[in-house]
Each structure stands twice: as C-alpha cells, then as structure tokens.
Enquirer: 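Take this structure, written in structure tokens, and hold onto it; I'll ask about it next.
Just so you know, ligand 1 is whichever comes first in the structure, and atom 1 is the first atom listed for that ligand. Remember, predicted model here, so these are calculated numbers, not experimental data.
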Amino acid sequence: MELPDGEEAECRICRGGHEGGALLHPCRCAGSIKYVHQECLDQWLARSSGASKRCELCHHPFTFSPVYADNAPSRLPTTEFAMGLLKLVAKRTLLAMRTTLVLFLWVVCLPVGTSWMCRLFFMRSLQSVFTLTDRLEGSAVLGDWMQGVLLSVVVVGCFLAVSALRDYMIRHEIENPPPALAPRNPPPIPAPEVHEDERGVPLVNPPEPRNWEVVHRGDGVHFVDHQAAAAAADGFGGEGEVE
Ligand SMILES: [Zn+2]
Ligand SMILES: [Zn+2]
C-alpha cells in the first residue's frame, strides 16, 4: 500500500502502519487520511456514541467487507472447520463451567458454610460436633441453607452499610474540615499575683523577689546573699555571707 507521493501508508487515528494490523480504507477519503485500522475505527466509533456510522470528513457511511488473503482456498477445509468448532465449544464449555462454579460457591457453599459456622460457634460441647452428621439429611440441609441465606444477606448488608458509612464520614470530613487554628483545650492563663501592702491595698509596682536578707545575730548584723550562697553550694565559688 503505497501513497502517490511515495509516503508509507499509515492509520489516520494511531499513525501506525501495517504492524498494527491490516490498513483499510472504509470511506472515500484519500491521501494521508485514507487508511485506518479496523480496531482503531471501532474504538473511535464506540467513543463518539450518538454519531452516525459515517466518516465525519467525506460523510460516506463506513463499509467493511471481509478481505481474504490471495492464497486463501475457495472452500474452508474440513479440518479447519472442525478445529474452529472445537475451539468454540471448548471456550463456551469453560465459560459455562466457570459460571457454574461461581454460582455454586455463592448460592450453595456460602449460605450452608455460614450456617454451619454459626452452628459450630454456638456449640456447647465438643461431643455435640458429632451430632452435626444429623444435619446432612435433605430437609436439614434445606433448613440450614435457608438460614444461611438469611445470615449471609445480613452479614453482607452490614458490611456494605459499614463501608458506606465510612465513605460518608470520609467525604463529610473532606467537605467540612475541623477548625485547626484554635486548640480545643487552650492552656489556662495564670492569674496575676496580687501584692498587697500591710493595709491590704494592692501595690502598683510589686517588689522584686528578694534574694538577700539582713540577719541580726549575737555577733552583729550580717548581710546574707542567698543567690551567692546557692552558687557556692553548686561549686561555682562566691561568698555566701558578707559582713
Ligand atoms: Zn490505528
Ligand atoms: Zn472519509
């Protein structure tokens, strides 16, 4: 497939060549937009739903006809036909088996298993486990199955409700974030110390905390510096008591 100007033919959607499948020209467009892969065109048409199956450029309805290789036989050989049929039957059988297995698991195993698990959970002694063989009779199995269906529906319903509630709460949290600026329990502001004089009148300028005092002893009056004494006790030197 060679274009008139010697350019290699390419798909007008994915710009790929023959390696992406056979290039078809399903409408009247020519030039660089002449060719398209069938897969690309199918995807394009599936996405542009509502639009008619016509080319949006030349408005020609897309037409596809099966194209056979040049060396294809005129009639399908019996072996090919048989192989194709066998493949189809195998595929359908596999699908049917898979569907049956899934249905069996959901409709039979899950309810009966749930019912038996519930029965084992509420068992009073280990000996009564052996009485469970009574439950293998037809009517008992049917009863267990119905009980199991009910239990399974309740369990699955609870699970769905919890997950829905969780989703709702997460969405609520995202839409209404909690106020993060003010702390919920601010630390209490300490009340200011009120200093009063001897008559009970509050002082405007409270006295500085004293770290010295004058001590009257028998041998005279001593000036005691508590700060220096503390420093001396810590080993920093200094005189604790000054004459
Ligand atoms: Zn393509
Ligand atoms: Zn066209």
Enquirer: With a 4.5 Å cut-off on side-chain heavy atoms, are Asp144 and Arg119 touching?
Expert: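 Yes, close enough: below the 4.5 Å cut-off.
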
Enquirer: Test your reading of the model: is there a side-chain donor-acceptor pair from Ser115 to the backbone of Pro111, 3.5 Å cut-off?
Expert: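 Absent.
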
Enquirer: Do Leu24 and His37 have side-chain heavy atoms sitting under 4.5 Å apart?
Expert: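 SC-SC contact between Leu24 and His37 ruled out.
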
Enquirer: N/O/S atom of His59 under 2.8 Å from the Zn ion (ligand 2), yes or no?
Expert: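 No - counting backbone and side chain alike, His59 has no N, O or S atom under 2.8 Å.
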
Enquirer: So does Trp145 have more than 12 non-hydrogen atoms from other groups sitting under 6.0 Å from CH2?
Expert: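 Incorrect, the count does not exceed 12.
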
Enquirer: Can you tell me if Cys29 has an N, O or S atom under 2.8 Å away from the Zn ion (ligand 2)?
Expert: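 Cys29 does place an N, O or S atom closer than 2.8 Å to the Zn ion (ligand 2).
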
Enquirer: May I have the angle between Cys14 SG and His37 ND1 with its vertex at the Zn ion (ligand 1), rounded to 10°?
Expert: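 So the angle at the metal works out to 100°.
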
Enquirer: Working to 10°, measure the angle at the Zn ion (ligand 2) formed by atom SG of Cys58 and atom SG of Cys55.
Expert: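 It rounds to 100°.
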
